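Read through the structure below, which is laid out as C-alpha coordinates, and then see the notes.
None of these values were measured; they are calculated from a predicted model. Letters A, B, ... are given to chains in the order of the sequence lines, protein chains preceding strands, and every chain is numbered from 1.
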Amino acid sequence: MTIHQRTITLPPHPRGFHLITRIIQNQMPELSTIQAGLAHIHILHTSASLTLNENADPDVRQDMETIFNHLVPENSRDYIHTMEGSDDMPAHAKASILGSSVTLPITQGRFALGTWQGIYLCEHRNRGGSRSLVITLFGN
Amino acid sequence: MTIHQRTITLPPHPRGFHLITRIIQNQMPELSTIQAGLAHIHILHTSASLTLNENADPDVRQDMETIFNHLVPENSRDYIHTMEGSDDMPAHAKASILGSSVTLPITQGRFALGTWQGIYLCEHRNRGGSRSLVITLFGN
Amino acid sequence: MTIHQRTITLPPHPRGFHLITRIIQNQMPELSTIQAGLAHIHILHTSASLTLNENADPDVRQDMETIFNHLVPENSRDYIHTMEGSDDMPAHAKASILGSSVTLPITQGRFALGTWQGIYLCEHRNRGGSRSLVITLFGN
(Lines give C-alpha, C1' and ligand atoms only; values in the text may rest on other atoms or scores of the structure.)
Protein backbone atom coordinates (compact mmCIF):
# COMPACT_ATOMS: atom_id res chain seq x y z
CA MET A 1 0.00 0.00 0.00
CA THR A 2 1.32 3.45 -0.90
CA ILE A 3 0.68 6.77 0.80
CA HIS A 4 0.86 10.31 -0.60
CA GLN A 5 0.66 13.34 1.66
CA ARG A 6 0.80 17.04 0.79
CA THR A 7 -0.05 20.36 2.46
CA ILE A 8 -1.86 22.90 0.28
CA THR A 9 -2.98 26.44 1.03
CA LEU A 10 -6.31 27.86 -0.07
CA PRO A 11 -6.57 31.61 -0.70
CA PRO A 12 -8.94 33.59 1.57
CA HIS A 13 -12.62 32.80 1.04
CA PRO A 14 -15.54 34.91 2.28
CA ARG A 15 -17.56 33.64 5.23
CA GLY A 16 -19.80 30.84 3.98
CA PHE A 17 -19.72 27.43 2.29
CA HIS A 18 -17.54 26.90 -0.79
CA LEU A 19 -17.14 23.99 -3.20
CA ILE A 20 -13.46 22.92 -3.41
CA THR A 21 -13.62 19.41 -4.92
CA ARG A 22 -11.74 20.34 -8.10
CA ILE A 23 -9.01 22.23 -6.24
CA ILE A 24 -8.30 19.12 -4.16
CA GLN A 25 -8.33 16.82 -7.20
CA ASN A 26 -5.98 19.07 -9.16
CA GLN A 27 -3.47 19.22 -6.31
CA MET A 28 -3.27 15.42 -5.99
CA PRO A 29 -2.25 13.88 -9.35
CA GLU A 30 -1.33 10.65 -7.49
CA LEU A 31 -5.07 10.03 -7.08
CA SER A 32 -5.15 8.41 -10.52
CA THR A 33 -2.70 5.71 -9.44
CA ILE A 34 -4.86 4.30 -6.62
CA GLN A 35 -7.31 1.52 -7.49
CA ALA A 36 -8.85 1.15 -4.02
CA GLY A 37 -8.11 3.38 -1.07
CA LEU A 38 -9.08 6.39 1.00
CA ALA A 39 -8.45 10.14 0.95
CA HIS A 40 -8.25 12.13 4.17
CA ILE A 41 -8.50 15.91 3.91
CA HIS A 42 -7.73 17.84 7.07
CA ILE A 43 -7.96 21.58 7.83
CA LEU A 44 -5.28 22.97 10.15
CA HIS A 45 -7.59 25.54 11.78
CA THR A 46 -10.27 25.73 14.47
CA SER A 47 -12.61 28.36 13.01
CA ALA A 48 -13.13 26.81 9.57
CA SER A 49 -14.16 23.25 8.71
CA LEU A 50 -14.73 20.69 5.97
CA THR A 51 -17.85 18.74 5.03
CA LEU A 52 -19.47 16.96 2.08
CA ASN A 53 -22.72 18.25 0.64
CA GLU A 54 -24.66 19.11 -2.50
CA ASN A 55 -22.50 20.19 -5.41
CA ALA A 56 -25.15 21.60 -7.74
CA ASP A 57 -27.50 24.36 -6.55
CA PRO A 58 -25.57 27.27 -4.92
CA ASP A 59 -28.72 28.04 -2.92
CA VAL A 60 -27.91 25.01 -0.75
CA ARG A 61 -24.60 26.59 0.24
CA GLN A 62 -26.34 29.87 1.09
CA ASP A 63 -28.98 28.09 3.20
CA MET A 64 -26.23 26.14 5.00
CA GLU A 65 -24.79 29.49 6.13
CA THR A 66 -28.26 30.63 7.28
CA ILE A 67 -28.88 27.40 9.18
CA PHE A 68 -25.51 27.40 10.94
CA ASN A 69 -25.93 31.04 11.96
CA HIS A 70 -29.26 30.10 13.54
CA LEU A 71 -27.72 27.07 15.27
CA VAL A 72 -24.90 29.03 16.89
CA PRO A 73 -25.89 32.70 17.17
CA GLU A 74 -23.36 35.49 17.67
CA ASN A 75 -23.38 37.92 20.56
CA SER A 76 -24.86 35.60 23.17
CA ARG A 77 -24.40 37.10 26.61
CA ASP A 78 -23.41 33.64 27.81
CA TYR A 79 -20.12 33.58 25.88
CA ILE A 80 -16.96 34.47 27.77
CA HIS A 81 -14.45 34.02 24.91
CA THR A 82 -15.28 37.32 23.17
CA MET A 83 -11.89 39.05 22.74
CA GLU A 84 -11.36 37.85 19.16
CA GLY A 85 -14.65 39.23 17.82
CA SER A 86 -18.29 38.20 17.90
CA ASP A 87 -17.79 35.73 15.05
CA ASP A 88 -14.96 33.83 16.75
CA MET A 89 -16.61 31.67 19.41
CA PRO A 90 -19.50 30.67 17.09
CA ALA A 91 -16.83 29.79 14.50
CA HIS A 92 -15.16 27.39 16.93
CA ALA A 93 -18.47 25.68 17.71
CA LYS A 94 -19.44 25.39 14.03
CA ALA A 95 -16.01 23.92 13.28
CA SER A 96 -16.58 21.12 15.79
CA ILE A 97 -20.16 20.50 14.66
CA LEU A 98 -19.04 20.09 11.05
CA GLY A 99 -15.60 18.61 11.69
CA SER A 100 -11.97 19.28 10.82
CA SER A 101 -11.65 16.55 8.24
CA VAL A 102 -13.46 14.44 5.68
CA THR A 103 -12.48 10.93 4.61
CA LEU A 104 -13.57 9.74 1.16
CA PRO A 105 -13.23 6.42 -0.65
CA ILE A 106 -10.97 6.25 -3.71
CA THR A 107 -12.03 3.80 -6.43
CA GLN A 108 -10.26 3.29 -9.78
CA GLY A 109 -8.22 6.45 -9.54
CA ARG A 110 -11.03 8.80 -8.51
CA PHE A 111 -12.84 10.03 -5.42
CA ALA A 112 -15.83 7.69 -5.04
CA LEU A 113 -18.34 10.43 -4.30
CA GLY A 114 -22.05 10.31 -4.98
CA THR A 115 -23.36 12.16 -8.05
CA TRP A 116 -24.36 15.14 -5.93
CA GLN A 117 -21.54 15.10 -3.38
CA GLY A 118 -18.85 17.76 -3.30
CA ILE A 119 -16.22 18.83 -0.77
CA TYR A 120 -17.05 22.09 1.03
CA LEU A 121 -14.69 24.51 2.71
CA CYS A 122 -16.78 26.03 5.51
CA GLU A 123 -15.35 29.46 6.40
CA HIS A 124 -16.85 30.56 9.70
CA ARG A 125 -14.90 33.81 10.24
CA ASN A 126 -15.73 37.13 8.62
CA ARG A 127 -12.10 37.43 7.58
CA GLY A 128 -10.58 33.99 7.92
CA GLY A 129 -7.58 34.51 5.68
CA SER A 130 -5.72 31.68 3.94
CA ARG A 131 -6.47 28.15 5.13
CA SER A 132 -4.07 25.21 4.96
CA LEU A 133 -5.09 21.61 4.36
CA VAL A 134 -3.14 18.37 4.78
CA ILE A 135 -4.25 15.83 2.17
CA THR A 136 -3.37 12.16 2.64
CA LEU A 137 -4.16 9.53 0.00
CA PHE A 138 -3.43 5.84 0.49
CA GLY A 139 -4.34 2.53 -1.09
CA ASN A 140 -3.28 0.02 -3.69
CA MET B 1 -1.55 -4.31 4.56
CA THR B 2 -4.59 -5.42 2.59
CA ILE B 3 -7.63 -3.42 1.53
CA HIS B 4 -11.17 -4.58 0.73
CA GLN B 5 -13.71 -2.24 -0.80
CA ARG B 6 -17.31 -2.87 -1.80
CA THR B 7 -20.42 -0.83 -2.65
CA ILE B 8 -23.68 -2.03 -1.13
CA THR B 9 -27.22 -0.73 -1.51
CA LEU B 10 -29.65 -0.44 1.37
CA PRO B 11 -33.36 -0.72 0.61
CA PRO B 12 -35.52 2.38 1.33
CA HIS B 13 -35.86 3.19 5.04
CA PRO B 14 -38.47 5.53 6.54
CA ARG B 15 -37.33 8.95 7.77
CA GLY B 16 -35.50 8.45 11.06
CA PHE B 17 -32.54 6.66 12.63
CA HIS B 18 -31.95 2.96 11.88
CA LEU B 19 -29.48 0.42 13.24
CA ILE B 20 -27.49 -1.19 10.39
CA THR B 21 -24.48 -2.75 12.14
CA ARG B 22 -25.38 -6.33 11.23
CA ILE B 23 -26.10 -5.50 7.60
CA ILE B 24 -22.62 -4.01 7.25
CA GLN B 25 -20.96 -6.95 9.03
CA ASN B 26 -22.77 -9.50 6.87
CA GLN B 27 -21.74 -7.77 3.65
CA MET B 28 -18.04 -7.76 4.58
CA PRO B 29 -16.88 -11.34 5.26
CA GLU B 30 -13.23 -10.14 4.86
CA LEU B 31 -13.62 -8.44 8.25
CA SER B 32 -12.70 -11.69 9.98
CA THR B 33 -9.26 -11.75 8.29
CA ILE B 34 -8.07 -8.40 9.72
CA GLN B 35 -6.25 -8.48 13.07
CA ALA B 36 -5.73 -4.71 13.41
CA GLY B 37 -7.14 -2.12 11.05
CA LEU B 38 -9.91 0.32 10.26
CA ALA B 39 -13.29 0.26 8.53
CA HIS B 40 -14.58 3.30 6.66
CA ILE B 41 -18.27 3.37 5.77
CA HIS B 42 -19.36 6.13 3.45
CA ILE B 43 -22.83 7.14 2.20
CA LEU B 44 -23.03 8.39 -1.40
CA HIS B 45 -25.83 10.90 -0.70
CA THR B 46 -26.29 14.39 0.73
CA SER B 47 -29.66 14.05 2.47
CA ALA B 48 -28.90 10.96 4.56
CA SER B 49 -25.97 10.34 6.88
CA LEU B 50 -24.16 7.85 9.11
CA THR B 51 -23.33 8.01 12.81
CA LEU B 52 -22.59 5.77 15.80
CA ASN B 53 -24.94 5.71 18.76
CA GLU B 54 -26.80 3.56 21.26
CA ASN B 55 -27.73 0.12 19.94
CA ALA B 56 -30.18 -0.99 22.63
CA ASP B 57 -33.23 1.14 23.46
CA PRO B 58 -35.18 2.10 20.29
CA ASP B 59 -36.45 5.17 22.18
CA VAL B 60 -33.00 6.71 21.69
CA ARG B 61 -33.42 6.50 17.92
CA GLN B 62 -36.86 8.11 18.14
CA ASP B 63 -35.54 10.94 20.35
CA MET B 64 -32.65 11.48 17.92
CA GLU B 65 -35.23 12.19 15.21
CA THR B 66 -37.07 14.60 17.55
CA ILE B 67 -33.86 16.42 18.49
CA PHE B 68 -32.63 16.80 14.90
CA ASN B 69 -36.04 18.11 13.80
CA HIS B 70 -35.79 20.76 16.51
CA LEU B 71 -32.21 21.62 15.53
CA VAL B 72 -33.01 22.19 11.86
CA PRO B 73 -36.71 23.02 11.51
CA GLU B 74 -38.59 22.71 8.21
CA ASN B 75 -40.41 25.55 6.49
CA SER B 76 -38.18 28.37 7.70
CA ARG B 77 -38.88 31.50 5.66
CA ASP B 78 -35.14 32.04 5.48
CA TYR B 79 -34.51 29.04 3.21
CA ILE B 80 -34.17 29.70 -0.51
CA HIS B 81 -33.54 26.08 -1.65
CA THR B 82 -37.18 24.98 -1.39
CA MET B 83 -37.96 23.44 -4.78
CA GLU B 84 -37.27 19.85 -3.70
CA GLY B 85 -39.71 19.89 -0.77
CA SER B 86 -39.73 21.23 2.77
CA ASP B 87 -37.71 18.27 4.06
CA ASP B 88 -34.86 18.70 1.57
CA MET B 89 -32.81 21.64 2.85
CA PRO B 90 -33.07 20.50 6.49
CA ALA B 91 -31.93 17.06 5.26
CA HIS B 92 -28.78 18.57 3.73
CA ALA B 93 -27.95 20.41 6.96
CA LYS B 94 -28.56 17.33 9.13
CA ALA B 95 -26.35 15.29 6.80
CA SER B 96 -23.43 17.67 7.36
CA ILE B 97 -24.02 17.91 11.11
CA LEU B 98 -23.92 14.11 11.44
CA GLY B 99 -21.47 13.36 8.64
CA SER B 100 -21.25 11.26 5.49
CA SER B 101 -19.02 8.59 6.94
CA VAL B 102 -17.95 6.76 10.06
CA THR B 103 -14.54 5.20 10.65
CA LEU B 104 -14.28 2.32 13.14
CA PRO B 105 -11.36 0.33 14.49
CA ILE B 106 -11.09 -3.35 13.56
CA THR B 107 -9.52 -5.62 16.19
CA GLN B 108 -9.12 -9.40 15.89
CA GLY B 109 -11.52 -9.76 12.99
CA ARG B 110 -14.34 -7.63 14.41
CA PHE B 111 -15.48 -4.04 14.60
CA ALA B 112 -14.02 -2.72 17.87
CA LEU B 113 -17.18 -0.94 18.99
CA GLY B 114 -18.19 -0.22 22.56
CA THR B 115 -20.79 -2.47 24.14
CA TRP B 116 -23.55 0.04 23.38
CA GLN B 117 -22.31 1.35 20.04
CA GLY B 118 -24.07 0.59 16.78
CA ILE B 119 -23.95 2.03 13.27
CA TYR B 120 -26.95 4.19 12.36
CA LEU B 121 -28.32 5.03 8.94
CA CYS B 122 -29.86 8.48 9.39
CA GLU B 123 -32.55 8.98 6.74
CA HIS B 124 -33.47 12.66 6.62
CA ARG B 125 -35.92 12.63 3.68
CA ASN B 126 -39.56 11.62 3.92
CA ARG B 127 -39.02 9.32 0.94
CA GLY B 128 -35.29 8.88 0.56
CA GLY B 129 -35.33 5.73 -1.52
CA SER B 130 -32.44 3.27 -1.72
CA ARG B 131 -29.11 4.46 -0.31
CA SER B 132 -25.68 3.26 -1.46
CA LEU B 133 -22.67 2.87 0.80
CA VAL B 134 -19.00 2.34 -0.05
CA ILE B 135 -17.33 0.20 2.61
CA THR B 136 -13.53 0.10 2.83
CA LEU B 137 -11.70 -2.22 5.24
CA PHE B 138 -7.92 -2.24 5.61
CA GLY B 139 -5.31 -3.56 7.97
CA ASN B 140 -3.07 -6.53 8.69
CA MET C 1 2.89 0.24 5.78
CA THR C 2 2.77 -0.52 9.49
CA ILE C 3 -0.13 -0.28 11.90
CA HIS C 4 -0.13 0.22 15.68
CA GLN C 5 -3.31 -0.13 17.71
CA ARG C 6 -3.87 0.22 21.45
CA THR C 7 -6.79 0.71 23.84
CA ILE C 8 -6.30 3.24 26.62
CA THR C 9 -8.56 4.28 29.47
CA LEU C 10 -9.03 7.86 30.59
CA PRO C 11 -9.92 8.50 34.24
CA PRO C 12 -13.31 10.16 34.91
CA HIS C 13 -13.55 13.76 33.73
CA PRO C 14 -16.23 16.25 34.80
CA ARG C 15 -18.94 17.17 32.31
CA GLY C 16 -17.43 19.51 29.75
CA PHE C 17 -14.66 19.78 27.16
CA HIS C 18 -11.11 18.65 28.05
CA LEU C 19 -7.81 18.86 26.21
CA ILE C 20 -6.21 15.39 25.90
CA THR C 21 -3.61 15.81 23.14
CA ARG C 22 -0.63 15.09 25.39
CA ILE C 23 -2.22 12.03 26.96
CA ILE C 24 -2.73 10.52 23.51
CA GLN C 25 0.80 11.38 22.38
CA ASN C 26 2.35 9.90 25.50
CA GLN C 27 0.47 6.63 25.10
CA MET C 28 1.64 6.14 21.52
CA PRO C 29 5.46 6.13 21.38
CA GLU C 30 5.25 4.49 17.91
CA LEU C 31 4.10 7.86 16.57
CA SER C 32 7.73 8.94 16.21
CA THR C 33 8.43 6.11 13.73
CA ILE C 34 5.84 7.19 11.14
CA GLN C 35 6.97 9.63 8.44
CA ALA C 36 3.61 9.97 6.68
CA GLY C 37 0.36 8.45 7.90
CA LEU C 38 -2.84 8.89 9.84
CA ALA C 39 -4.00 8.52 13.43
CA HIS C 40 -7.55 7.43 14.25
CA ILE C 41 -8.77 7.97 17.81
CA HIS C 42 -12.08 6.36 18.67
CA ILE C 43 -14.18 6.55 21.84
CA LEU C 44 -16.03 3.36 22.83
CA HIS C 45 -19.06 5.18 24.28
CA THR C 46 -22.25 6.88 23.11
CA SER C 47 -22.57 9.71 25.63
CA ALA C 48 -19.08 11.21 25.25
CA SER C 49 -17.30 12.25 22.07
CA LEU C 50 -14.07 13.51 20.51
CA THR C 51 -13.36 16.63 18.49
CA LEU C 52 -10.54 19.00 17.55
CA ASN C 53 -10.63 22.61 18.68
CA GLU C 54 -8.68 25.50 20.19
CA ASN C 55 -5.91 24.42 22.53
CA ALA C 56 -5.08 27.75 24.17
CA ASP C 57 -7.80 29.76 25.94
CA PRO C 58 -9.77 27.59 28.42
CA ASP C 59 -12.71 29.99 27.94
CA VAL C 60 -13.30 28.36 24.55
CA ARG C 61 -13.85 25.00 26.24
CA GLN C 62 -16.28 26.56 28.70
CA ASP C 63 -18.23 28.29 25.91
CA MET C 64 -18.36 25.02 23.97
CA GLU C 65 -20.20 23.48 26.94
CA THR C 66 -22.58 26.48 27.03
CA ILE C 67 -23.27 26.27 23.30
CA PHE C 68 -23.90 22.52 23.28
CA ASN C 69 -26.25 22.81 26.25
CA HIS C 70 -28.24 25.41 24.29
CA LEU C 71 -28.25 23.22 21.16
CA VAL C 72 -29.62 20.14 22.93
CA PRO C 73 -31.48 21.22 26.07
CA GLU C 74 -32.25 18.83 28.91
CA ASN C 75 -35.72 18.06 30.21
CA SER C 76 -37.59 18.52 26.94
CA ARG C 77 -41.09 17.07 27.26
CA ASP C 78 -40.61 15.57 23.82
CA TYR C 79 -37.98 13.05 24.97
CA ILE C 80 -39.13 9.51 25.68
CA HIS C 81 -35.72 8.01 26.64
CA THR C 82 -35.62 9.54 30.14
CA MET C 83 -34.94 6.59 32.47
CA GLU C 84 -31.18 7.12 32.64
CA GLY C 85 -31.39 10.74 33.80
CA SER C 86 -32.07 14.12 32.21
CA ASP C 87 -28.50 14.40 30.93
CA ASP C 88 -28.55 11.06 29.09
CA MET C 89 -30.55 11.66 25.91
CA PRO C 90 -28.92 15.07 25.29
CA ALA C 91 -25.57 13.32 25.77
CA HIS C 92 -26.39 10.81 23.00
CA ALA C 93 -27.36 13.62 20.61
CA LYS C 94 -24.25 15.68 21.41
CA ALA C 95 -22.10 12.58 20.86
CA SER C 96 -23.46 12.16 17.33
CA ILE C 97 -23.21 15.87 16.52
CA LEU C 98 -19.54 15.93 17.53
CA GLY C 99 -18.63 12.39 16.54
CA SER C 100 -17.11 9.26 18.04
CA SER C 101 -13.72 9.63 16.43
CA VAL C 102 -11.17 12.03 15.02
CA THR C 103 -8.66 11.24 12.28
CA LEU C 104 -5.45 13.29 12.14
CA PRO C 105 -2.53 13.35 9.72
CA ILE C 106 0.88 12.15 10.96
CA THR C 107 3.90 13.89 9.41
CA GLN C 108 7.55 13.24 10.35
CA GLY C 109 6.73 11.41 13.56
CA ARG C 110 4.18 13.89 14.91
CA PHE C 111 0.49 14.69 14.73
CA ALA C 112 0.20 17.28 11.94
CA LEU C 113 -2.16 19.58 13.81
CA GLY C 114 -2.52 23.31 13.30
CA THR C 115 -0.84 25.62 15.81
CA TRP C 116 -4.09 26.07 17.71
CA GLN C 117 -5.56 22.59 17.30
CA GLY C 118 -5.88 20.17 20.18
CA ILE C 119 -7.80 16.94 20.78
CA TYR C 120 -10.83 17.33 23.06
CA LEU C 121 -12.56 14.71 25.15
CA CYS C 122 -16.18 15.89 25.28
CA GLU C 123 -17.83 14.46 28.39
CA HIS C 124 -21.59 14.90 28.09
CA ARG C 125 -22.73 13.07 31.25
CA ASN C 126 -22.75 14.57 34.72
CA ARG C 127 -20.92 11.48 35.96
CA GLY C 128 -19.54 9.72 32.91
CA GLY C 129 -16.93 7.62 34.63
CA SER C 130 -13.84 6.25 32.90
CA ARG C 131 -13.79 6.38 29.11
CA SER C 132 -11.91 3.98 26.82
CA LEU C 133 -10.34 4.94 23.52
CA VAL C 134 -8.98 2.78 20.70
CA ILE C 135 -6.04 4.50 19.02
CA THR C 136 -4.87 3.30 15.61
CA LEU C 137 -1.76 4.72 13.91
CA PHE C 138 -0.65 3.67 10.43
CA GLY C 139 1.73 4.84 7.74
CA ASN C 140 5.26 4.50 6.44
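Using a 4.5 Å cut-off between heavy atoms, B:Tyr79 contacts chain A through both its backbone and its side chain. Contacts between A:Thr107 and chain B at a heavy-atom distance below 4.5 Å involve backbone atoms as well as side-chain atoms. In this structure, the portion of A:Asp57 lying under 4.5 Å from any heavy atom of chain B is its side chain and not its backbone. If you measure heavy-atom distances from A:Leu50 to chain B, you find no contacts under 4.5 Å at all. Proximity to chain B (any heavy atom under 4.5 Å) is restricted, for A:Ile67, to the side chain, taken from C-beta onward. For a residue to count as touching a neighbouring chain, one of its non-hydrogen atoms must lie under 4.5 Å from one of that chain's; by this rule A:Tyr120 does not touch chain B.
Counting all heavy atoms, side chain and backbone alike, A:Asp63 lies closest to B:Asp78 at OD1-O, 3.8 Å. Minimum heavy-atom separation, A:Met1 to B:Thr2: CE-O, 4.0 Å. Residue A:Gln117 comes nearest to B:Thr46 through the heavy atom pair CG-CG2, 3.5 Å, listed as atom of the first residue, atom of the second, then distance.
Between atom CG of residue A:Leu113 and atom NE2 of residue B:His42 there is a gap of 5.5 Å, rounded to the nearest 0.5 Å. For the atom pair CD (A:Gln62) and NE2 (B:His81), the distance works out to 12.5 Å, reported to the nearest 0.5 Å. A:Thr103 OG1 to B:His40 NE2: the interatomic distance, rounded to the nearest 0.5 Å, is 5.0 Å. Rounded to the nearest 0.5 Å, atoms CD1 (B:Ile3) and CG (A:Asn140) are 6.0 Å apart. Annotation: the span from B:His92 atom NE2 to A:Leu52 atom CG amounts to 13.0 Å, rounded to 0.5 Å.
The candidate from B:Ser100, B:Ser101, B:Ser76, B:Ser96 with the greatest count of non-hydrogen atom pairs under 4.5 Å with chain A is B:Ser96. Per-residue counts of heavy-atom pairs under 4.5 Å with chain B were compared for A:Asn55, A:Ile106, A:Val102; the largest is that of A:Ile106. Ranked by non-hydrogen atom pairs under 4.5 Å with chain B, the options A:Asn53, A:Leu38, A:Thr66, A:Thr51 are led by A:Asn53.
Using a 4.5 Å heavy-atom threshold, the side chains of A:Trp116 and B:His45 count as separate. Inter-residue side-chain proximity for A:Gln35 and B:Gln5 is flagged as unmet; no heavy-atom pair is nearer than 4.5 Å. The shortest distance between side-chain heavy atoms of A:Glu54 and B:Glu84 falls below 4.5 Å. Using a 4.5 Å cut-off on side-chain heavy atoms (C-beta onward), B:Ile97 and A:Leu71 make contact.
Annotation for B:Arg6: atom CZ counts as buried by contact number, over 12 foreign heavy atoms lying within 6.0 Å.
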